[in-house]
Amino acid sequence: MIDFIQNLISGIAVGCIYALAALGFVLVYKSSRVINFSNGQFIAIGAFAAYALTVWVGLPVLLAALLAMLLTAGLGFLVERVFLRRMVGQPIISVIMVTIGLASVLDGLMYLTPFGSGNFTFPQFLPPGGLELAGINISYPQLMAIGFTMVFLLLFGWFFQRSVLGIAMRAVADDQMASMSLGVSVRRVFGLAWAVAGLTAAAAGIVVGTVSGLNQDGLIAIGLAVFPAVILGGLDSVPGAVVGGIVIGVLQSFSTAYLDGVLGQIGLVGGGSQYAVPFVVLLVMLWFKPHGLFGTEEIERV
Amino acid sequence: MRNPWAQTGNYRTSYEQDTTIFANYREIVSVVLLLVALCLLPLFLERSQVLVLNFILIYAIAVLGLNITTGYAGLISVGQAAFMGVGAYTVALAAPSLPFWLTIPLGGFVAAIAGFIVGIPSLRVKHLYLALATLAFQEIFVWVVGRSPALAQGAAIPVEMRNFLGLEISFRNHNYFWYYIILFVLVLMVIAWRNLLRGKYGRALIAVRDNDRAADAMGMDPGRTKLFAFALGAFYGGVAGGLLAYMQRAVVVEEFTLARSVTLLAMAIVGGLGTVVGSLLGPAFMKFLQIYVERLSEWMKANPFIQSITPAGVDVASALLPLSFGLVIVLFLVFEPRGLYNWWRLLRSYFRTWPFKY
Amino acid sequence: MKRGFVLAMMVALGLALAQGRTVNLLWSGAITGPTSDVGGPYAAGIEDYCKYANEQKLIPNVTLNCIVRDDQYQNPNTQRILEEALDRAKPAIYLGYSTGAMLQLKPLINEVRLPTIPASAHIGLIEPPHNQYMFLPVSSYSEQFVALLEYINRTKKNARVALVVNPSPFGRAVVDVSRRAAARLGQTIVDVREVGGGNLDNTALLRALDAAGVEFILHQNVAGPVANILKDAKRLGLDKKIKQLGAIYTGGSDLIRLAGDAAEGYLWASSYYTLDENAPGINLQKQLAQKYNRSADILNSTNYTAGMLAAAIAVEAMKRAAQRFNGRIDNATVYQALIGMNGPNAFKPGFAVSTKAGIEIDFTRTEQTGAEGLRILEVKGGKFVPVTEPFTSTLFRQVRNP
């Protein structure tokens, strides 16, 4: 039982990282219907920016993290301005391809710096070890991940329910044309969505940095885990992104704990089911409930 | 009667004329000339240059398939490399017992079945969601291969063919031999592509892409049409994968990853979606871009002057490849969404009326 | 104008003649792209050793031209670079890189009889078919794993072991031979798990292994994932209960930097000397790194040592080929020189440890592994310290083939 709870909690902690990354992704999709394939690159850039600001510039960690998040948000804003804005009204495939091309451009930009290859370690600012409670262990970086996610969720909740800008974003997501005619600046909303996407991706990256070492490939790979999370939660649902992320994290933890042993018996040697399970979930969701747990169902009649 | 050799435009007046493969005699002649040129080309090239051509032609076949799913039916696929992989592994398993002219189509069919299964969600959902279905398939494919002892867990399975009708195939002629085989298959696949897409199915695909509700109202079944597109696109991928297996003499899972799928999609976009010419130009452009950028970055690394003006810690040479790859995609999408095909079209229309301006 | 051009050509030709012939050596590997953290220092090692060889005129009357190219870890690029070189530069020897590409190119390499020294130490490369021209500079991953199992057996009989490997052919290479070796030693391989990069939490893995009674975890991986597992094990208090060990690419300065004090007690199988030791190869490495302005990261990397060793073997083989065959340096003579590198003619550059017989690098026609001696090193006080004498796994030779 203790094992079960421990696996659950560790899964939630990892899932919160996915949830953070998924939040921004969903926001972009919600406002502009763009599927962002460069999310992993934003995660990496956020993490590396924080690393550079603490280790090279010598800023205190928290300040550096905050600055890195703002910088990445700025990058998101810039990217929308330079690339995505030109794609308004273009077919979906073009827009998706632009984000793929963008991913490659951002990769290239990272290669310009020493971060393109090699491993980096974030300076330790949290105490080592973790909280120990009745045999359940959770590390401080993991606690931080959970905390970050909660904070962002609350912020987003407030933002979308109460603030004018948030309501404008929801309006744009609902009906672009109508909100434009009511005087909402769709451009600003798009830009803002990308900025927030950059912000949350950077937050995810920084958390990853405190949990493990920084490596470009590893960070970008985390961006891929976002897709199952958002499909599970529903592409356009903010709480869905969080729930989806957490469920995927827990599923990965459980599949390592309980599924890996079973696989060998059906001829698939080596376990590692945590890499496949999220994508199996993604396929199954597409087959049976494509709009996810919380997504808006689009009903079309002919 | 008009002189068909002097036609300068589209003189089609009936549906039958509109479904012909070639618009006029000049097109036939130019295609034949191109084919002859392609057949003679290896005579002037080194072995390793033919290798590059082989890669381009194989990718062209895969991109043709992608142009059915993505270009015609409008379904974004980031799993074409996995379909290639299905074909390649089928070939690897079948090659010891079957001749290559059977294994390659077999690989195509197995890939088509995989495409059919992956396409099932298209009965319910649209565009974006399907892109993610192919993404999932791509990841699951690599995972399953890595865990199947029967597939060497992703390590190399040798695919060797040393003899064809008494002709010994060795290092000396391997690339040349496969060049002609690949070219032959490519021509077949192009003919099939053109034939298929000028008929009922092709028009159904376009209709579904442009407005699936309207297509539905007109009696086409959008779900089934999309499934068909998926299976067919995967078939092309499978055939390309099978050829790649023979050409590389072994199947390794690293050839069939997400990165390769993305590259194929980029080739299709840069070439121009939904066109034969684009399917050829795209892979060629991307391959040569890679080769020349690689050369440029090597030159930069070796050049003391460039090294002296770049600040410490900045590595321009390594960044060039991913940067150029990404920029090419983005710039094409922004400035020339119709791809290289459009340049080709402009060039052709210029020469059609040459020396007159219009 | 034209005359000037001809004159310049003459001068260039004269210079070339005065310097003797040029012999080509080819390396292609991942300087960028995946695994570039290994490929970068490896390439630097080769480049620097080549410059050094030319400056010292290690091969008399011959200018060495080292072609070092970046294939971005893509097999089609590796194949293109190799075939291009076969057409034009005609390298006397080829230094390879990744497991996948090398396995794929094996038939081609065998057909053109090109002596090849890959960076990957996958056992499949030197196993038939098509293995004749492959030479591993140091013992294969499989041999390292058997040696680790033997080492465990010295401290604890009938141990329960789990293998954690990278999800790739590189990682999986060790599984089969380890099973056979463990069966011989009376050990139990409880589980084999695949763990790759981005393993943010390993609680479930470690707890499952702990519940299965695992006492030792053997890693065949790169430093990143291993460091994360070590950190989690320490946090969960399993670091005392489960001992962790690993093969060549798991250790080195990267692991210590990534895992911090969680790395303490980690055991590492390596054939190379560490940077703290006074060995001729290591001294040369330090000297060259300083001379060619290499960063501390590169100097401290085992992969820099590995690249230098590979280049050193290649250069030595060319030198011996020239001596034995009247200055003829081509694939055939270099191959002969390589397989003659044994007994009194073994090569001793001082990058890797020697076996008991005092032999560092030796090859024969059938024994295609260079340095067969290896040591187990342990992290003590943030440094890898050897805890065994150099030894050669005897069991490996018995269980290599099923």
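Per chain, numbering begins at 1; letters A, B, ... match sequence-line order.
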Can you tell me which portion of [X] sits under 4.5 Å from chain B's heavy atoms? Options are side chain, backbone, both or neither.
X      : value
A:M87  : side chain
A:L286 : both
A:L106 : neither
A:V281 : neither
A:S273 : both
A:I93  : both

Taking side chain as everything from C-beta outward and backbone as N, CA, C, O, which of these in [X] sits under 4.5 Å from a heavy atom of chain A? Side chain, backbone, both or neither.
X      : result
B:I269 : side chain
B:L151 : neither
B:Q138 : neither
B:L273 : side chain

Q. With distance as the sole test, does A:S94 use its side chain to make a donor-acceptor pair with the main-chain N or O of B:L333 at under 3.5 Å?
A. no

(Q) Using a 3.5 Å distance criterion without hydrogens, assess whether the side chain of B:W143 forms a donor-acceptor pair with backbone atoms of A:G272. (A) yes

Q.
Please evaluate residues B:I329 and A:L102 with respect to the criterion side chain to side chain contact (heavy atoms under 4.5 Å, CB included), reporting the C-alpha separation (whole Å), side-chain torsions for both, the decisive distance (0.1 Å), and the verdict.
A. CA-CA 8 Å; B:I329 298 175; A:L102 184 66; over 6 Å; no

Q: Applying salt bridge (charged side-chain N to carboxylate O under 4.0 Å, His left out), name anything that partners B:E255, two or more places apart in sequence or on another chain.
A: B:R260

Q) Run the side chain to side chain contact (heavy atoms under 4.5 Å, CB included) check on A:L224 and B:L258 step by step: do they pass? A) CA-CA 11 Å; A:L224 264 190; B:L258 180 63; 4.0 Å; yes

Can I get a per-line list of side-chain donor-acceptor pairs under 3.5 Å for residues 39-51 of chain A, giving both atom names and the distance, sequence neighbours left out?
from  : atom 1 : to     : atom 2 : distance (Å)
A:N39 : ND2    : A:A21  : O      : 3.2
A:Q41 : NE2    : A:D107 : OD1    : 3.2
A:Q41 : NE2    : A:D107 : OD2    : 3.3

Q: Take B:R147 and A:Y275 through the side chain to side chain contact (heavy atoms under 4.5 Å, CB included) test and state the conclusion after the steps.
A: CA-CA 12 Å; B:R147 277 148 192 88; A:Y275 299 110; 4.3 Å; yes

Q: Apply side chain to side chain contact (heavy atoms under 4.5 Å, CB included) to B:L321 and A:Y111, showing your working.
A: CA-CA 10 Å; B:L321 255 168; A:Y111 272 116; over 6 Å; no

